[in-house]
Amino acid sequence: MTEPTENIAAKRQMECCQRALYFESRLRFFSKTNWITVIVPSLLGVIAGSALFSSINSVWLGVGTLIAALLTAIHKGLDCDSHQSECRRLVQAYRGLETRYRTISDLKLDNASKLLVDIDEQLAELKESQLTTADSRWLNDTKDDA
């Protein structure tokens with residue numbers, strides 16, 4: 001016996017919602033770490049530059065510059081900007097698919113099966129094109145029976 005199209009769409013809607021929430025939480029985390037790895041080095045650079053014209057101990061000037069360089073290297077080394085861009089793209093894509101699945105699950109459409117297949121293909125393409133991974137420990141079990 002096959003499961004009704006509306007039930008499958010509802011499960012896929014929940015999966016897309018969970019994945020979007022996961023990547024939104026990653027973005028929240030990275031927006032906070034940007035304060036440390038982008039803004040702090042910039043401020044330290046400004047302070048170090050202005051300290052050249054004052055009587056501040058050069059050791060502190062060197063320490064500030066070293067910290068700024070290390071934080072910048074971490075940010076660049078981890079490729080944080082592209083990871084955040086990918087997370088934004090995935091959030092938008094999963095939210096769009098979530099809406100499409102909700103339409104199928106909530107409305108009695110004549111061509112619901114065909115629409116479900118089309119949207120499932122889009123979901124598969126999105127998962128294949130995804131450059132960042134979703135940690136399964138943070139996602140609920142979203143295995144589908146279809």
Side-chain angles (χ1 to χ4, degrees), residues 1-52 59-146:
M1 182 172 179
T2 62
E3 189 172 1
T5 303
E6 290 81 12
N7 291 352
I8 296 170
K11 286 181 182 179
R12 299 283 200 289
Q13 174 193 346
M14 184 58 65
E15 175 186 354
C16 290
C17 178
Q18 290 169 345
R19 288 180 177 273
L21 287 172
Y22 171 79
F23 289 113
E24 285 171 345
S25 72
R26 300 296 294 168
L27 282 172
R28 280 191 299 277
F29 171 76
F30 285 123
S31 69
K32 290 175 183 152
T33 60
N34 270 353
W35 281 94
I36 297 168
T37 62
V38 174
I39 295 174
V40 170
S42 299
L43 292 174
L44 287 174
V46 168
I47 292 169
S50 65
L52 290 174
V59 172
W60 290 112
L61 179 67
V63 169
T65 305
L66 176 65
I67 292 170
L70 289 173
L71 290 172
T72 301
I74 289 169
H75 182 77
K76 292 294 183 188
L78 294 175
D79 205 11
C80 293
D81 291 330
S82 65
H83 183 72
Q84 289 178 57
S85 295
E86 177 68 1
C87 285
R88 281 186 206 93
R89 179 185 79 86
L90 292 171
V91 167
Q92 289 176 335
Y94 281 121
R95 289 293 182 202
L97 291 173
E98 177 187 3
T99 301
R100 290 182 184 103
Y101 282 122
R102 184 181 314 115
T103 300
I104 293 173
S105 68
D106 290 351
L107 303 176
K108 301 292 183 196
L109 303 172
D110 293 335
N111 58 346
S113 296
K114 183 187 179 327
L115 287 172
L116 182 63
V117 169
D118 291 343
I119 299 170
D120 277 347
E121 287 176 4
Q122 292 174 17
L123 179 60
E125 288 173 8
L126 177 61
K127 287 179 180 180
E128 289 172 359
S129 72
Q130 189 171 308
L131 298 176
T132 188
T133 57
D135 190 341
S136 60
R137 292 177 295 172
W138 294 100
L139 295 172
N140 291 337
D141 188 16
T142 58
K143 293 179 182 136
D144 53 312
D145 300 329

Would you say the side chain of Leu90 lies within less than 4.5 Å of the side chain of Arg19, judging by non-hydrogen atoms?
->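 Not in contact.
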Find out whether Leu115 and Tyr101 are in side-chain contact, i.e. whether some heavy atom of one side chain is under 4.5 Å from a heavy atom of the other.
->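 Not in contact.
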So, taking the atom named [atom1] in [X] and the one named [atom2] in [Y], what distance separates them when rounded to the nearest 0.5 Å?
X: Thr33; Y: Gln84; atom1: OG1; atom2: CD; answer: 6.5 Å
X: Leu70; Y: Ile74; atom1: CG; atom2: CD1; answer: 6.5 Å
X: Arg88; Y: Glu24; atom1: CZ; atom2: CD; answer: 12.0 Å
X: Lys32; Y: Leu27; atom1: NZ; atom2: CG; answer: 11.5 Å
X: Thr99; Y: Ile104; atom1: OG1; atom2: CD1; answer: 11.5 Å
X: Gln13; Y: Leu97; atom1: CD; atom2: CG; answer: 11.0 Å

Listed by chain and number, what are the side-chain contact (heavy atoms from CB on, under 4.5 Å) partners of [X], not counting sequence neighbours?
X: Ser129; result: Arg89, Leu126
X: Glu6; result: Pro4, Lys108
X: Thr103; result: Leu107, Leu109

For Lys76 and Asp81, run side chain to side chain contact (heavy atoms under 4.5 Å, CB included): C-alpha distance rounded to whole Å, both residues' side-chain angles, the deciding distance at 0.1 Å, then the answer.
-> CA-CA 8 Å; Lys76 292 294 183 188; Asp81 291 330; 4.2 Å; yes
Salt-bridge present (Lys11, Glu15; N to O < 4.0 Å) =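 Salt bridge absent between Lys11 and Glu15.
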Minimum heavy-atom distance [X]-[Y], with the two atoms named:
X: Ala10; Y: Ser105; answer: N-CB, 3.8 Å
X: Cys16; Y: Leu123; answer: SG-CD1, 3.9 Å
X: Thr5; Y: Ser113; answer: OG1-OG, 3.3 Å

Side chain to side chain contact (heavy atoms under 4.5 Å, CB included) between Arg12 and Ile119, worked out | CA-CA 10 Å; Arg12 299 283 200 289; Ile119 299 170; over 6 Å; no
When you look at Leu21 and Arg95, which way does the side chain to side chain contact (heavy atoms under 4.5 Å, CB included) test go after all the steps?
-> CA-CA 9 Å; Leu21 287 172; Arg95 289 293 182 202; 3.4 Å; yes
Compute whether any side-chain donor of one residue and acceptor of the other, for Gln130 and Tyr94, lie under 3.5 angstrom apart.
->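 Per modelled atom types, Gln130 and Tyr94 side chains form a pair under 3.5 Å.
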